[in-house]
Amino acid sequence: MLKLGKRTPSPYLPRCHRTYSCVHCRAHLAKHDELISKSFQGSHGRAYLFNSVVNVGCGPAEQRLLLTGLHSVADIFCESCKTTLGWKYEQAFETSQKYKEGKYIIEMSHMVKDNGWD
């Protein structure tokens, strides 16, 4: 599986995995197994927190005051269609939020479920 930071995109995860894909271009973004939580808030609505993602680029980190306090985050975007999807938590400044570091938020409005969700 290709993780953020690698240069060559791998557009598809194995078909045996339930996956989340970009709603705009259908590039795979994450396996369901990488989902941590469905109860996050993005900039434009509900969002999911993932351990790892694929086919995603990362912008520069900046400090933002979010609902849970000050964090250093970097916007993430689909490598295929360049749509901004959410962000990566680079650093959390409050001890209770440290578990988010290195994790990814993808807004629900930018993804669809693929493969084996019956």
Side-chain angles (χ1 to χ4, degrees):
M1 178 168 77
L2 180 70
K3 291 198 177 188
L4 185 70
K6 304 260 181 170
R7 295 282 183 211
T8 308
S10 172
Y12 301 104
L13 293 167
R15 291 193 57 77
C16 61
H17 294 288
R18 291 185 295 168
T19 58
Y20 296 93
S21 300
C22 177
V23 72
H24 309 286
C25 70
R26 298 305 277 241
H28 287 177
L29 300 174
K31 292 192 305 186
H32 180 67
D33 294 346
E34 295 297 317
L35 178 65
I36 298 170
S37 175
K38 295 181 179 181
S39 27
F40 273 72
Q41 184 68 30
S43 299
H44 303 100
R46 289 186 50 213
Y48 289 1
L49 181 69
F50 292 93
N51 262 321
S52 66
V53 295
V54 297
N55 300 322
V56 170
C58 195
E62 62 183 35
Q63 290 186 2
R64 290 188 196 152
L65 186 57
L66 303 174
L67 294 174
T68 54
L70 185 64
H71 294 78
S72 176
V73 299
D75 285 338
I76 59 172
F77 57 89
C78 176
E79 282 283 4
S80 179
C81 68
K82 307 304 182 203
T83 299
T84 300
L85 303 169
W87 60 80
K88 177 183 180 184
Y89 286 101
E90 298 288 351
Q91 184 178 9
F93 296 100
E94 295 182 24
T95 305
S96 66
Q97 302 300 308
K98 291 286 188 187
Y99 75 96
K100 296 177 184 174
E101 291 181 346
K103 308 294 189 292
Y104 304 85
I105 286 286
I106 299 178
E107 294 185 358
M108 288 182 61
S109 62
H110 296 299
M111 63 183 172
V112 293
K113 295 176 179 179
D114 275 330
N115 300 333
W117 288 93
D118 302 334

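Small disclaimer: the values here were computed from a predicted structure and weren't measured. Every heavy atom of this structure was used, including side-chain atoms; hydrogens, water molecules and symmetry mates were not.
Atom CZ of residue Arg46 and atom CD of residue Gln41 lie 9.0 Å apart, to the nearest 0.5 angstrom. Distance check, rounded to the nearest 0.5 Å: CD of Glu79 to SG of Cys22 gives 11.5 Å. Interatomic distance, Leu65 CG to Phe93 CZ, rounded to the nearest 0.5 Å: 11.0 Å.
Annotation for Ala92 and Lys98: closest pair O-NZ, 2.8 Å, computed over non-hydrogen atoms. Here the shortest heavy-atom pairing between Trp87 and Gly42 reads CH2-CA, 3.6 Å. Across Cys78 and Cys81, no two heavy atoms sit closer than the pair SG-N, 3.5 Å. In plain terms, the two heavy atoms of Glu94 and Gly69 that are nearest each other are OE2-CA, 3.6 Å. Annotation for Glu101 and Gln91: closest pair OE2-CA, 3.5 Å, computed over non-hydrogen atoms. Closest non-hydrogen pair, Ser21 versus His28, comes out as OG-CD2, 3.1 Å.
The aromatic rings of His110 and His24 lie tilted to each other, with the angle between the two planes from 30° to 60°. Between Phe50 and Tyr20, the angle of the ring planes goes over 60°, which puts this pair in the perpendicular group of the 30/60° scheme.
Leu35 and Tyr99 sit in two unconnected hydrophobic clusters of ILVMFWY residues. Membership requires side-chain heavy atoms under 4.5 Å apart, directly or through other members.
Tyr48 has its side chain out of reach of Leu29: every pair of non-hydrogen atoms, C-beta onward, lies at least 4.5 Å apart. Two residues are said to be in side-chain contact when any heavy atoms from C-beta on lie closer than 4.5 Å; Asp114 and Arg26 meet this criterion. Between Leu85 and Met111 there is no side-chain heavy-atom pair separated by less than 4.5 Å. Counting heavy atoms from C-beta outward, Lys113 and Arg18 have side chains that stay 4.5 Å or more apart. Taking the side chain as every heavy atom from C-beta outward, Ile76 and Ile106 approach each other to under 4.5 Å.
Of the candidates Val54, Val53, Asn51, Asn51 is the only one forming a side chain to side chain contact (heavy atoms under 4.5 Å, CB included) with Glu34.
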Inset, instruction - Decide yes or no on side chain to side chain contact (heavy atoms under 4.5 Å, CB included) for Phe40 and Lys100, but give the supporting numbers first. - result: CA-CA 11 Å; Phe40 273 72; Lys100 296 177 184 174; 3.6 Å; yes

Inset, instruction - Output, in order, the C-alpha distance, side-chain angles, deciding distance and verdict of side chain to side chain contact (heavy atoms under 4.5 Å, CB included) for Ser37 and Lys103. - result: CA-CA 11 Å; Ser37 175; Lys103 308 294 189 292; over 6 Å; no

Inset, instruction - Check step by step if side chain to side chain contact (heavy atoms under 4.5 Å, CB included) holds for Ile105 and Val73. - result: CA-CA 10 Å; Ile105 286 286; Val73 299; over 6 Å; no

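In this view, Glu62 and Arg64 satisfy the salt bridge (charged side-chain N to carboxylate O under 4.0 Å, His left out) rule, not counting sequence neighbours.
Using a distance-only test at 3.5 Å, with no hydrogens or angles considered, a donor-acceptor pair links the side chain of Glu107 to the main chain of Ser43.
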